[in-house]
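Have a look at the structure below before the remarks.
Note on naming: letters A, B, ... go to the chains in the order of the sequence lines (proteins, then strands), and numbering restarts at 1 for each one. What's counted below: heavy atoms across the whole structure, side chains too, no hydrogens, waters or symmetry copies. The structure presented is a predicted model; accordingly, all values stated were derived computationally and were not measured.
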Amino acid sequence: MTHTIKFAGVNFNRNGVLASGILGVTGSSMIKTAQGGAGGITCKSISKNFRKGHPTPVLQVFKHGVINAVGLSSTGVDNSNNELRNVKNNSDAVVIASVFGGTEIEFKETIEELDSSVYDIIELNISCPNVADEFGHAFANSPHSASNVMRIARSATNKPIIVKLSPNYPNIGLIAKACEDAGADGITAINTVGPGMLIDINTFQPKLTNKVGGVSGPAILPIAIRAVYDIYKAVTIPIIGMGGITEVEDAIQMIAVGAQLYGVGTGILYHGIDIFNTINTGIDEYLREKNLQYDDLVGIVHKQ
Amino acid sequence: MTHTIKFAGVNFNRNGVLASGILGVTGSSMIKTAQGGAGGITCKSISKNFRKGHPTPVLQVFKHGVINAVGLSSTGVDNSNNELRNVKNNSDAVVIASVFGGTEIEFKETIEELDSSVYDIIELNISCPNVADEFGHAFANSPHSASNVMRIARSATNKPIIVKLSPNYPNIGLIAKACEDAGADGITAINTVGPGMLIDINTFQPKLTNKVGGVSGPAILPIAIRAVYDIYKAVTIPIIGMGGITEVEDAIQMIAVGAQLYGVGTGILYHGIDIFNTINTGIDEYLREKNLQYDDLVGIVHKQ
Amino acid sequence: MNNLIEKSYKTFRVDGCTDQKTFYFKIGKVDIKPGQFYMLNYNNSQKPFSVSHYDGENIGFTILKRGNTTLHMIENAKIGDYFGLTGPLGNSFHTEQYTNFLLIGGGVGAAPIYFLSEYLSKINKKNSVLFGSRTSSLCDFTHNLKSNKSATVSYYTDDNSGENQGFVTNGIEEILQKEKIDTVCLCGPEKMMIVASEKIKKFTSVPIQISMERYMKCGIGICGSCVLDDIGLRVCADGPVFDYELLITSKEFGKYHRNSGGLIEKF
Amino acid sequence: MNNLIEKSYKTFRVDGCTDQKTFYFKIGKVDIKPGQFYMLNYNNSQKPFSVSHYDGENIGFTILKRGNTTLHMIENAKIGDYFGLTGPLGNSFHTEQYTNFLLIGGGVGAAPIYFLSEYLSKINKKNSVLFGSRTSSLCDFTHNLKSNKSATVSYYTDDNSGENQGFVTNGIEEILQKEKIDTVCLCGPEKMMIVASEKIKKFTSVPIQISMERYMKCGIGICGSCVLDDIGLRVCADGPVFDYELLITSKEFGKYHRNSGGLIEKF
Ligand SMILES: Cc1cc2nc3c(=O)[nH]c(=O)nc-3n(C[C@H](O)[C@H](O)[C@H](O)COP(=O)(O)OP(=O)(O)OC[C@H]3O[C@@H](n4cnc5c(N)ncnc54)[C@H](O)[C@@H]3O)c2cc1C
Ligand SMILES: Cc1cc2nc3c(=O)[nH]c(=O)nc-3n(C[C@H](O)[C@H](O)[C@H](O)COP(=O)(O)OP(=O)(O)OC[C@H]3O[C@@H](n4cnc5c(N)ncnc54)[C@H](O)[C@@H]3O)c2cc1C
Ligand SMILES: Cc1cc2nc3c(=O)[nH]c(=O)nc-3n(C[C@H](O)[C@H](O)[C@H](O)COP(=O)(O)O)c2cc1C
Ligand SMILES: Cc1cc2nc3c(=O)[nH]c(=O)nc-3n(C[C@H](O)[C@H](O)[C@H](O)COP(=O)(O)O)c2cc1C
Ligand code: FES
Ligand code: FES
């Protein structure tokens, strides 16, 4: 898509979004990815203070995707302000600042410490499955805890806030609805699935230092499609749909079940950052062929 | 594995088990699968009364697995008795009768109506994600509801009872433990993941009549490995580990995290019923190479 | 593997009458052999259908109105509508080692036989074809076979609306006497195929290849709904074409089949 | 894709001293080019290492004791231990269009340079190699290069324990005067590579290929930890080999790198 799409009040020049945690550490790779066609750029989740993350190996590839447990490494807010400012000044992409906190208050404080001129949208990452040892269940585990974070974060910024949900708890629709009621301007779905585990059959050790890691990539596409379908039924706020998208047809499915924007993370492993240009061009061709407007496609499955 | 393994007090001649719902409608295909090398045969889940299941399409293949919503079709107990008797009389495989009920009592009644001479083990399918519209959450959703079914089923037979769990609810270890405490003789894990959904991008219709269907096949292997790992940590009763196994290395991983027996369902799509012979031979070779006993391999990851 | 993944295509041509229609789709180059079938999914109704035509670019399926799915397809599907196609699936008729074929299609069993004759004529293999149907209009889709030099085609109808009246099995004797047939391929009602096979056996011991039909849920060999008693073979993945000698060892051949719920229904 | 999936191999040979070891694994036939690297995972510690030897069957990695991971590997890994190998990863030195190479390896940067020289000699391409190291024992693993007719090898050490004392860059001038070098390949500390490149530029404008090192978490191009400011290129997937002209447009080249947490550390 090469024309403007409005999402949570913000104009996106192109309809693909870089998922959080992929090429999102430094400004320069985020700018580069915007050049690859991403209309929105989500940075690696920012925590208030420096976090080293888990020791490597933090990521392993299997035939159908990836498992990762980067463990929310973060340079902390100060450095993130600089990296995001770079993106904001040097690309036309919408900047989505993903934030992570161990407590509701930490979410609020982190947002407050972010320079509000360096981002367009805040994304609350309440759904990382890779820090369970440290933090227990993600806040995305219930309507109650998810909406609590949202409510408290709301007071920290006037910019739109979207909430990133997990497919690993039942009733994702109810949880999305609770976030909407608590003031969320949009939903991002899904974070990684599982978690999963892979074992080396020679050493009998888990292939990740953290033992378990969230599953991403093509393996999870059907789960992501279903989750976005459920969320679209439950809320009226817009959705960034991601999880397993590697081809234009995947993105079309995602938009058809209700995603206003599609997101790509692991897909970059298979097709590089040009995946955004490829998918955007593919969607344009598809719409022309079908004689459809982009807005008609969003959620069209629900109108059949 | 070509020597005997004891599982829940029952001797298996070979260590692979046919998963429920795959080639498990008629006795003849179950016998055939035993010839393909399965040491245990689980029939399609039996309900008390005849159930037609969902209208076709009930199954769709994607690049990394399958989504299905067969919807627990069943010929009812009477016919199932005949089909299982056929298996019992005409193969050396252990017969596992999978039963499904809409209520706890229905589980009990179904088991009572089964001729106890036609099966060796009862498997309680409390984890099917494909009948949510009809029954709401699966009983496998919480320690409380899972153990309730187990407790009530316990009074219906003297044969071993194992419980089939779902990866779609948090804390599978706790749920397994609750089943153990309620008298379960073993755990089967995992049932299908998600559920998932796939959309036809020309018609904008979900590709399954039931819209959503559980994900199986290679896509779910890491999730299954992690689930069995969690369960092994939580219980002392043995586990049948399944979910995404298509190759010998997958089965070895599954056994290494704690499965006493491995199970295959969707793998048959890729390799036919001979998949059991292939994997069994592969495991034998592997054990010889590593100079390991089968029992040493079971759960070896936990002993590192 | 790609054949197992459903893709949707627009039907660009529909032939036939109110009882039976042939739907065509442009699928491009695919390796398809006579006897193979597709799962066709129209508007959330899915059933298996034999390939009745394929020219290297366009595929055709001939669908007889029988129950819910076929009624829905025949009454509602129009040019431009999308069908989900999964296939080609299953095995095919053996053709390589034979030179002179007798083909018999009963009812909508004419569909795969039509494609088989088309295919054999294209590679210049002699084939004598017998079609039997209730009424002649149901065989209209096969008429152009007559223009192939390698094929001899005869029709039998129940209602005397076509060439010959009576059972399609009536034509067998004459052909077997005239031609040096080295294999027979059958598709149709099981009772017909049994009568035909027994008749053929009296004359010759050439291999008889039979295309079977059973209730299919998945079409790809995992659900277990199409399995034959007691031989344990799947019609969708081990068949649909079986050798007659193997089939008669199945206790259900010609006697019963199972419905969508797995319950036995006698023929 | 298969190169992205970790597989574990037993180390069957370990050479070297207490500060630096070369580990060998039998991996069979794989398409590996000089300059490429693997992620090596020993007992839940993982880091990238350049291929320092590959003969079509066995692969070798030369590991210098530097911090936690390398200490762990060097002190604990013995013959028979398994390492998880992911690779080959990254791009490689361009060799096809050139005929006479100057190769410079500083410190453990000798590892990929060793493999590159091995490779060039095998295809009979002339190469002059300069190795620089703290002390001569760290270059022992490269000594057999001298037996290759196509290669001329010289050593420079800080502590005067080897052939020549002083900086490896001291050897550049002589070679450029004697040989018709048409490309230079460098791997080593960035300060050294910058000094070397500036020296080379004074003599000739042949392409200078530089192998870079940055902190890597994934090694396969998605985590973003190895990206160069401001050019936005990933050392793991767009590199590790870059053209000097491109590199000097990166504001961090020779100046700083980022640590495991993404924080900037000056050289
Ligand atoms: C490999 C294969 C190839 C096929 N090829 C074709 C084809 O080319 N053209 C075509 O029109 N049909 C073909 N069929 C049959 C088709 O798939 C449907 O089963 C049939 O059209 C009935 O579907 P329905 O939903 O319309 O009827 P339903 O509503 O399913 O049933 C209608 C009636 O038909 C009976 N019936 C259903 N299935 C069978 C059966 N297997 N044997 C006997 N009676 C049965 C039912 O009991 C019921 O009385 C094929 C089937 C198979 C397995
Ligand atoms: C493509 C590539 C190829 C490599 N090939 C080899 C090889 O063949 N042999 C080999 O021994 N090593 C190689 N390395 C380096 C290796 O991967 C490790 O980074 C290094 O050995 C330090 O790891 P460690 O865990 O032992 O030390 P750490 O505990 O990570 O750190 C030890 C010290 O080294 C410093 N340090 C770490 N990384 C860097 C860096 N990138 N630049 C400057 N200082 C740093 C740290 O700040 C710290 O002071 C390569 C790296 C890359 C990116
Ligand atoms: C290496 C890696 C790191 C990730 N880090 C984060 C993160 O910091 N914050 C977050 O919200 N999601 C994170 N994710 C999840 C992705 O943003 C995305 O939701 C998920 O991977 C599914 O999309 P995909 O299949 O396109 O990758 C990470 C995923 C991967 C693979
Ligand atoms: C077509 C199909 C039907 C299934 N039916 C049942 C069932 O009736 N009862 C049950 O407990 N599990 C059922 N399952 C789940 C499998 O038994 C198994 O738990 C799951 O598919 C994961 O294993 P796999 O990846 O090896 O297939 C079914 C799976 C498939 C694919
Ligand atoms: S239709 Fe499912 S096995 Fe044949
Ligand atoms: S190490 Fe992850 S992108 Fe390079």
Side-chain angles (χ1 to χ4, degrees), chain A residues 18-19 21-36 43-44 50-63 66 68 70 73-76 79-80 82-83 86 90 198 200-211 216-217 265-270 272-273, chain D residues 1-11 39-48 68-69 72 80-87 89 214-238 249-252 257-264:
Chain A
L18 175 67
I22 288 86
L23 297 179
V25 179
T26 63
S28 60
S29 58
M30 294 189 261
I31 294 166
K32 191 93 186 165
T33 309
Q35 287 161 3
C43 67
K44 173 89 192 147
F50 174 79
R51 285 177 57 87
K52 213 172 147 64
H54 297 306
T56 48
V58 293
L59 189 148
Q60 293 279 6
V61 178
F62 71 113
K63 276 192 206 146
V66 160
N68 95 80
V70 172
S73 57
S74 169
T75 51
N79 291 289
S80 299
N82 292 333
E83 301 296 343
N86 189 2
N90 294 292
L198 294 167
D200 186 291
I201 65 161
N202 288 311
T203 64
F204 303 120
Q205 288 181 338
K207 286 191 163 203
L208 296 175
T209 307
N210 188 49
K211 294 194 173 76
S216 64
T266 309
I268 289 175
L269 179 62
Y270 308 99
I273 54 172
Chain D
M1 272 305 304
N2 267 343
N3 65 321
L4 304 179
I5 299 174
E6 185 185 80
K7 277 187 72 177
S8 56
Y9 296 91
K10 245 187 224 172
T11 171
M39 297 296 285
L40 253 62
N41 175 7
Y42 176 65
N43 211 354
N44 271 320
S45 288
Q46 190 196 39
K47 280 279 158 81
N68 295 335
T69 308
H72 179 48
D81 282 3
Y82 281 95
F83 281 64
L85 268 61
T86 311
L89 302 172
R214 279 297 175 273
Y215 194 90
M216 292 186 181
K217 285 198 169 173
C218 74
I220 57 175
I222 68 175
C223 75
S225 59
C226 69
V227 175
L228 297 172
D229 289 341
D230 273 330
I231 58 176
L233 295 174
R234 302 160 297 182
V235 173
C236 68
D238 303 309
T249 68
S250 163
K251 69 179 184 196
E252 69 176 85
H257 67 111
R258 288 169 192 265
N259 67 14
S260 65
L263 294 178
I264 288 176

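Most heavy-atom pairs under 4.5 Å with chain A, from the set Ile222(D), Ile5(D), Val227(D): that is Ile222(D). By number of non-hydrogen pairs under 4.5 angstrom with chain D, the leading residue of Val25(A), Asn90(A), Thr266(A) is Val25(A). Taking chain D as the reference chain and counting heavy-atom pairs below 4.5 Å, the highest number among Ile268(A), Val58(A), Leu269(A) is found for Leu269(A). Ranked by heavy-atom pairs under 4.5 Å with chain D, the first of Ser29(A), Pro55(A), Pro206(A) is Ser29(A). Ranked by heavy-atom pairs shorter than 4.5 Å toward chain A, the options Asn259(D), Leu4(D), Asn68(D), Asp230(D) are led by Leu4(D).
Summarising the geometry, atom CG belonging to Asn44(D) is positioned 10.0 Å from atom CG belonging to Asp200(A); distances are rounded to the nearest 0.5 Å. Between Arg234(D) atom CZ and Thr26(A) atom OG1 the span is 11.5 Å, to the nearest 0.5 Å. Here the straight-line distance linking atom CG of Leu59(A) with atom SG of Cys218(D) works out to 6.0 Å at 0.5 Å rounding. A distance of 8.5 Å separates OH in Tyr82(D) from CD1 in Ile201(A), rounded to the nearest 0.5 Å. Between the OG atom in Ser28(A) and the NZ atom in Lys251(D) there is a gap of 8.0 Å [rounded to 0.5 Å]. Taking CZ of Phe62(A) as the reference point, atom CE of Met1(D) lies at 10.0 Å (rounded to 0.5 Å).
Only the backbone of Ser74(A) comes within less than 4.5 Å of a heavy atom in chain D; its side chain stays farther off. Residue Met39(D) does not touch chain A at all, counting heavy-atom pairs closer than 4.5 Å. Contact annotation for Gln35(A): neither backbone nor side-chain heavy atoms come within less than 4.5 Å of a heavy atom of chain D. Only the side chain of Asn86(A) comes within contact range of chain D, with heavy atoms under 4.5 Å apart. Contact annotation for Phe50(A): only side-chain heavy atoms (C-beta onward) come within less than 4.5 Å of a heavy atom of chain D. Using a 4.5 Å cut-off between heavy atoms, Asn43(D) contacts chain A through both its backbone and its side chain. Proximity to chain A is limited to the side chain of Asn41(D), based on heavy atoms less than 4.5 angstrom apart. Using a 4.5 Å cut-off between heavy atoms, Ile264(D) does not touch chain A at all. Ile31(A) does not touch chain D: none of its heavy atoms, backbone or side chain, sits under 4.5 Å away. With a threshold of 4.5 angstrom between heavy atoms, Pro57(A) approaches chain D through its backbone and through its side chain. Contacts of Lys44(A) with chain D are absent, with no heavy-atom separation under 4.5 Å from either backbone or side chain.
Contact annotation: the side chain of Lys10(D) never approaches that of Asn202(A) to less than 4.5 Å [non-hydrogen atoms, C-beta and beyond].
At distances below 3.5 Å, not a single donor-acceptor pair connects side-chain atoms of Lys217(D) with backbone N or O atoms of Val70(A). Between the side chain of Thr56(A) and the backbone N or O of Gln46(D), at least one donor-acceptor pair lies under 3.5 Å.
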Query raised in the report: Taking it one step at a time, do Leu263(D) and Asn79(A) satisfy side-chain contact (heavy atoms from CB on, under 4.5 Å)?
Result: CA-CA 8 Å; Leu263(D) 294 178; Asn79(A) 291 289; 3.2 Å; yes

